[in-house]
Amino acid sequence: MISARVFRAPGIRTAVVQIGLVMALNAGLMFSFALHLQSGLGRDALHAGLLFAPAALALGAVGLNWRRMTERWHAALVPSGFVIAGSACVLCGLLLRDGGSGGAWLYAAMAAAGLGVGFAYSPNLTRALGSVPAQDAADASGLLVTVTQLGQLVGIATLGTLYLNRVSYYARSGSAGAHASALGVWVTAVALAGTALLGALAGASHRR
């Protein structure tokens with residue numbers, strides 16, 4: 001269904017891996033943290049949704065404005081985005097690990113996560129499509145959109161399962177509901193950071 005020529009375009013295979021990873025990170029973050037806020041802390045759906053508003057705004061701002069940055073910085077945007085997103089996930093986990101709500105710092109950390117995801121995704125997608133011959137553009141676009149969707153599904157399935165598994169484990173170990181959920185979301189945050197590290201390393205491997 002997809003021309004094999006697409007995979008020979010410079011950087012396309014690395015882009016496939018990185019886009020899959022950053023979408024898995026994004027979906028896993030939203031799924032597990034939303035569950036923690038609602039099931040663990042007893043917040044309503046509106047409160048949980050509003051937590052991700054800073055991330056969505058930051059991601060959108062990056063997508064609209066990254067081309068305005070100095071061109072010599074463009075190659076560093078994707079790995080920098082993974083580093084920012086991974087660090088923000090760890091910070092989110094630390095803020096919630098004690099069973100608290102995280103306060104205003106949690107919204108700031110979510111904005112940083114959205115910023116990182118934006119830098120890891122938008123420049124990657126644009127630069128990958130720009131490397132493909134015009135006759136293969138449709139195939140390349142379909143491939144990357146499919147990878148985007150698959151990454152989200154894999155992120156929810158794997159990182160969401162990790163969160164639920166850890167919550168169940170800590171609950172059986174005697175932790176209270178909110179505390180068990182907080183510990184589960186902390187473990188998930190570390191796994192999210194590991195996912196970001198894999199994305200940054202994939203880009204480093206390509207540059208070598």
Side-chain angles (χ1 to χ4, degrees), residues 15 17-38 40-41 43 47-66 69 73-125 148 151-152 154-164 166-167 181-204:
V17 173
Q18 289 184 313
I19 287 173
L21 288 171
V22 74
M23 286 295 101
L25 183 155
N26 189 51
L29 172 69
M30 291 191 292
F31 183 76
S32 59
F33 277 61
L35 283 179
H36 171 64
L37 288 176
Q38 294 183 77
L41 300 182
R43 310 294 185 180
H47 184 278
L50 288 175
L51 174 64
F52 302 109
L57 291 172
L59 196 159
V62 169
L64 291 172
N65 295 292
W66 70 267
M69 300 178 71
W73 294 356
H74 287 184
L77 293 181
V78 173
S80 298
F82 276 109
V83 171
I84 293 169
S87 301
C89 288
V90 171
L91 178 57
C92 287
L94 286 171
L95 290 169
L96 295 171
R97 186 171 62 171
D98 63 354
S101 64
W105 281 108
L106 184 60
Y107 289 89
M110 279 293 172
L115 189 75
V117 169
F119 280 128
Y121 179 76
S122 295
N124 210 340
L125 184 67
T148 297
Q152 292 172 333
V154 170
I156 291 172
T158 57
L159 295 163
T161 298
L162 173 64
Y163 165 76
L164 293 171
R166 292 296 85 193
V167 172
S181 182
L183 291 173
V185 88
W186 162 243
V187 173
T188 307
V190 173
L192 289 164
T195 304
L197 178 61
L198 289 176
L201 292 176

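Between atom CG of residue D98 and atom CG of residue L183 there is a gap of 10.0 Å, rounded to the nearest 0.5 Å. Expressed to the nearest 0.5 Å, how far CG of L35 lies from CE of M30 amounts to 12.0 Å. Atom CG of L192 and atom OH of Y163 lie 12.5 Å apart (nearest 0.5 Å). A distance of 8.0 Å separates CH2 in W105 from CG in L91, rounded to the nearest 0.5 Å. The structure places CZ of F33 at 10.0 Å from OG of S181, a figure rounded to the nearest 0.5 Å. A distance of 6.0 Å separates OG1 in T195 from CG in L25, rounded to the nearest 0.5 Å.
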Review point. Going through the checks in order, is the side-chain contact (heavy atoms from CB on, under 4.5 Å) test met by L29 and C89?
Key: CA-CA 8 Å; L29 172 69; C89 288; 4.2 Å; yes
Exercise for review: Could you give me the CA-CA distance, side-chain angles and deciding distance for L197 and F82, then say whether side-chain contact (heavy atoms from CB on, under 4.5 Å) is met?
Suggested key: CA-CA 7 Å; L197 178 61; F82 276 109; over 6 Å; no
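With a 4.5 Å cut-off on side-chain heavy atoms, M110 and L51 count as touching. Within the 4.5 Å cutoff, the side chain of Y107 has heavy atoms near those of the P54 side chain. Looking at heavy atoms from C-beta onward, R97 lies in side-chain contact with L94 at the 4.5 angstrom threshold. Using a 4.5 Å heavy-atom cutoff, the side chains of V90 and W186 are in contact. Residues M23 and V117 have side chains in contact (heavy-atom distance under 4.5 Å, counting atoms from C-beta outward).
A donor-acceptor pair under 3.5 Å is formed between the side chain of H74 and the backbone N or O of M69.
Among all heavy-atom pairs drawn from G99 and L41, the shortest one is O-CD2, 3.4 Å. Closest heavy-atom contact between A111 and A58: O-CB, 3.3 Å. Annotation for G81 and F119: closest pair CA-CB, 3.7 Å, computed over non-hydrogen atoms. Summarising the geometry of V22 relative to A120, their closest heavy-atom pair is CG2-CB, 3.6 Å, with the distance given to 0.1 Å. A pairwise comparison of heavy atoms in A109 and A88 identifies O-CB, 3.5 Å as the closest pair. L159 approaches A191 most closely through the heavy-atom pair CD2-CB, 3.8 Å.
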